[in-house]
Structure formats: C-alpha cells, structure tokens
Amino acid sequence: MTTYVLVPGAWHGAWTFEPLARELRRAGHDAHPLSLTGLGSRKHLLTASVNLDTHIEDVVNLLADEEVTDAVLVGHSYGGMVITGAADRVPDRVRGLVYVDAMVPEDGQSTWSLVTDNERAWYLNGTAENGFTSAPLPFFDPRTTPHPLASLLQAIRLEGGPGRSTAKSYVYATQWPTPSPFTALYERLSGLPDWRTYAVDSGHNVMRDAPEDLLKVLLEHG
C-alpha cells in the first residue's frame with residue numbers, strides 16, 4: 001500500500017482531487033486530498049498571515065499525525081511549491097514526488113518569480129477587496145475560493161533542493177489554450193536521468209480532463 005497526499009493548486013480545495021483519491025483507495029492505497037489553510041473547506045481560516053510556510057506545514061503536520069514514512073506527494077500547479085517544501089523539511093517521510101503541470105522551485109524562488117507577467121496580473125485580481133487575497137478567475141469552478149496572496153509571493157527556502165533522493169515525476173499538460181508556462185520546465189526535466197516525465201492530452205486541470213492518465217502515472221509509484 002502506498003500513501004498519497006494530494007495537494008491542489010491555487011484557489012482550489014481537496015474536492016479537486018477527491019475523485020482521484022477514491023480511485024486510489026479502490027486500488028488498495030491510502031489517499032489524503034488536502035485543503036490547504038484558508039482554502040476549500042478551510043476557507044474560514046484565511047488571514048493575511050497565511051503564506052507558503054503555512055501550506056508546507058499543512059503537509060508536514062499531516063505526515064506526522066498519520067505517522068506516514070513513505071508518502072508520495074502529488075502537487076498540482078502551485079501545489080508543486082508546497083510538496084517541494086514539505087519533502088525538503090521531512091525527507092524521511094517522503095519517497096516520491098509527482099508534479100502535475102506544476103512549479104518545481106529551486107531555493108529562493110517563489111510562485112511570483114516563476115510565472116509570466118500575464119499570470120501575475122491574474123494573481124492581483126481581486127486584491128483590492130481586502131488587500132491580501134487573490135480572487136478566482138470567473139471561469140473557475142464555483143467551489144474555488146480566494147487564495148492567500150502571501151503564499152504566492154513568499155520565496156521558498158530549501159536545504160537540499162526538490163526531492164533530494166526521492167523518485168520524481170512530472171506530468172505535462174499539452175492542451176493549454178495559450179502557450180503553456182511549463183513547456184521549458186518539462187523539456188528541461190525530460191533530459192534529466194533522475195526524472196520521469198509524461199505528456200498527457202489535457203488542459204491544465206489534469207485531474208478533471210485526463211483522470212485515467214493521471215491515475216496510471218500515480219499507480220506507477222504504488
């Protein structure tokens with residue numbers, strides 16, 4: 001049995017991974033789709049102080065509470081920042097990382113520094129309302145909630161880089177309506193011997209658009 005921890009991207013809660021989690025459980029594994037602090041079912045905890053460190057601690061604390069020592073951490077989009085930080089802090093509890101059309105940061109990088117000007121404009125959407133959140137885009141699922149802006153701005157601090165000695169996979173979505181911001185990253189990782197890379201016929205929301213392909217990738221880590 002493998003224990004999967006499923007970390008959503010910005011604005012999304014555990015619900016975005018729940019259908020996939022059910023399939024993983026049917027296959028005999030344990031799966032924990034996670035709502036990060038201030039998002040999804042934990043939106044009532046959103047304050048100006050919620051940042052990337054808060055979200056990393058969400059994962060670290062889950063692993064400790066469940067006494068997990070061989071987790072596969074799965075991060076979608078912004079969730080790549082979170083799983084990188086968690087694996088760096090408790091490498092003895094993590095045996096695999098799966099980045100789903102996600103950021104793979106190095107020490108000192110932030111979500112803000114890794115995206116384009118166009119995406120930065122998206123992040124600043126809605127900040128005038130309270131000054132510390134980024135509003136979901138109009139075409140997002142109605143269950144999405146405002147995202148803490150500090151988590152997008154904070155630089156990650158790493159001791160050993162993404163994954164150190166863990167198995168690492170990258171799932172690249174090929175069907176963005178605009179040029180994908182992850183193309184250069186995917187191409188670079190595809191040339192590295194310690195990464196497994198996959199290109200799937202999907203939009204950015206791989207969990208919704210290509211769930212069977214994503215399930216197959218995750219089960220390879222089982």
Side-chain angles (χ1 to χ4, degrees), residues 2-27 29-34 36 55-56 59 70-88 94-106 109 111 114-116 119 140-141 144 156 161-222:
T2 299
T3 300
Y4 296 88
V5 178
L6 309 163
V7 181
W11 306 286
H12 291 70
W15 52 266
T16 193
F17 268 119
E18 186 54 48
L20 182 63
R22 289 195 292 268
E23 294 301 319
L24 289 168
R25 294 177 192 127
R26 287 191 186 104
H29 302 290
D30 198 5
H32 298 271
L34 186 62
L36 299 169
H55 291 164
I56 292 170
V59 176
D70 62 347
V72 172
L73 305 184
V74 183
H76 176 242
S77 197
Y78 161 77
M81 302 288 297
V82 180
I83 66 171
T84 301
D88 186 73
V94 179
R95 72 173 177 85
L97 297 170
V98 181
Y99 293 83
V100 183
D101 221 34
M103 294 150 190
V104 182
E106 297 179 357
Q109 293 182 322
T111 300
L114 290 172
V115 299
T116 65
E119 290 168 300
F140 281 2
D141 187 290
T144 53
I156 197 168
R164 300 191 197 183
S165 61
T166 59
K168 300 182 288 293
S169 293
Y170 195 90
V171 180
Y172 171 66
T174 64
Q175 296 300 318
W176 276 66
T178 57
S180 169
F182 300 113
T183 300
L185 172 62
Y186 166 71
E187 292 174 347
R188 178 172 64 83
L189 297 180
S190 295
L192 299 179
D194 56 339
W195 281 83
R196 287 183 286 181
T197 56
Y198 307 81
V200 297
D201 186 15
S202 171
H204 182 52
N205 192 337
V206 183
M207 297 80 69
R208 180 195 64 202
D209 297 346
E212 293 182 0
D213 291 334
L214 182 54
L215 177 63
K216 183 178 179 181
V217 171
L218 296 187
L219 289 176
E220 289 185 10
H221 286 264

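Numbering of residues begins at 1 and proceeds along the displayed sequence. Heavy atoms only: backbone and side chains are in, while hydrogens, waters and symmetry mates are out.
Aromatic ring pairs are classed by plane angle as parallel below 30°, tilted from 30° to 60° and perpendicular above 60°; the pair H204 and W176 is tilted.
Nearest heavy-atom pair, Y172 versus T183, reported as atom, atom and distance to 0.1 Å: OH-OG1, 2.7 Å. Between I83 and G75, the closest heavy-atom pair is CD1-N, 3.5 Å. Pairing each heavy atom of A199 with each of T174, the nearest pair is CB-CG2, 3.9 Å. What you find for A210 and S202 is that their closest heavy atoms are CB-CB, 3.7 Å. Here the shortest heavy-atom pairing between P105 and T84 reads CD-OG1, 3.4 Å. Scanning all heavy atoms of the two residues, the minimum distance from L73 to A87 falls at CD1-N, 4.2 Å.
Two residues are said to be in side-chain contact when any heavy atoms from C-beta on lie closer than 4.5 Å; E18 and P33 meet this criterion. Put simply, the side chain of L6 does not reach to within 4.5 Å of the side chain of H32, judged on heavy atoms. A heavy-atom distance below 4.5 Å is not found between the side chains of P211 and L20. Residues D201 and Q175 are in side-chain contact: their nearest non-hydrogen atoms beyond the backbone lie under 4.5 Å apart. Looking at heavy atoms from C-beta onward, L218 lies in side-chain contact with V74 at the 4.5 angstrom threshold. With contacts defined as side-chain heavy-atom distances shorter than 4.5 Å, the pair M81/Q109 does not qualify. No side-chain heavy atom of V171 sits less than 4.5 Å from a side-chain heavy atom of D101. Taking the side chain as every heavy atom from C-beta outward, Y78 and H55 approach each other to under 4.5 Å.
For an aromatic pair to be called close, the ring centres must be under 6.0 Å apart, and H29 with Y4 satisfies this. In this structure, Y99 has its ring center under 6.0 Å from that of W195.
With respect to the salt-bridge test (charged N to carboxylate O, under 4.0 angstrom), the residues E23 and K216 do not qualify. The pair D30-R25 does not count as a salt bridge, with every side-chain nitrogen at least 4.0 angstrom from each carboxylate oxygen.
A distance-only check finds no donor-acceptor pair linking the side chain of T16 to the backbone of H12 [under 3.5 Å]. The backbone N or O of F182 lies less than 3.5 Å from a partner atom in the side chain of S180, making a donor-acceptor pair. Formation of a donor-acceptor pair under 3.5 Å by the E119 side chain with backbone atoms of T116 is found in this model.
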Worksheet item: How far apart are the C-alpha atoms of V72 and V98, what are their side-chain angles, what is the distance that settles it, and do they pass the side chain to side chain contact (heavy atoms under 4.5 Å, CB included) test?
Response: CA-CA 7 Å; V72 172; V98 181; 4.0 Å; yes

Worksheet entry | side chain to side chain contact (heavy atoms under 4.5 Å, CB included) evaluation trace for L24 with L219 | CA-CA 8 Å; L24 289 168; L219 289 176; 3.9 Å; yes

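In this structure, CD in E220 is found 10.5 Å from CG in L215, a value given to the nearest 0.5 Å. From T197, atom OG1 reaches atom CG of L189 across 7.5 Å, with rounding to the nearest 0.5 Å. With rounding to the nearest 0.5 angstrom, the CH2 atom of W15 is 6.0 Å from the OG1 atom of T144. Note: K168 NZ to H221 NE2 = 10.5 Å, rounded to the nearest 0.5 Å. Considering OH of Y170 and CZ of R188, their distance stands at 10.0 Å, rounded to 0.5 Å. Going from atom CG of L36 over to atom CD1 of I56 covers 10.5 Å, rounded to the nearest 0.5 Å.
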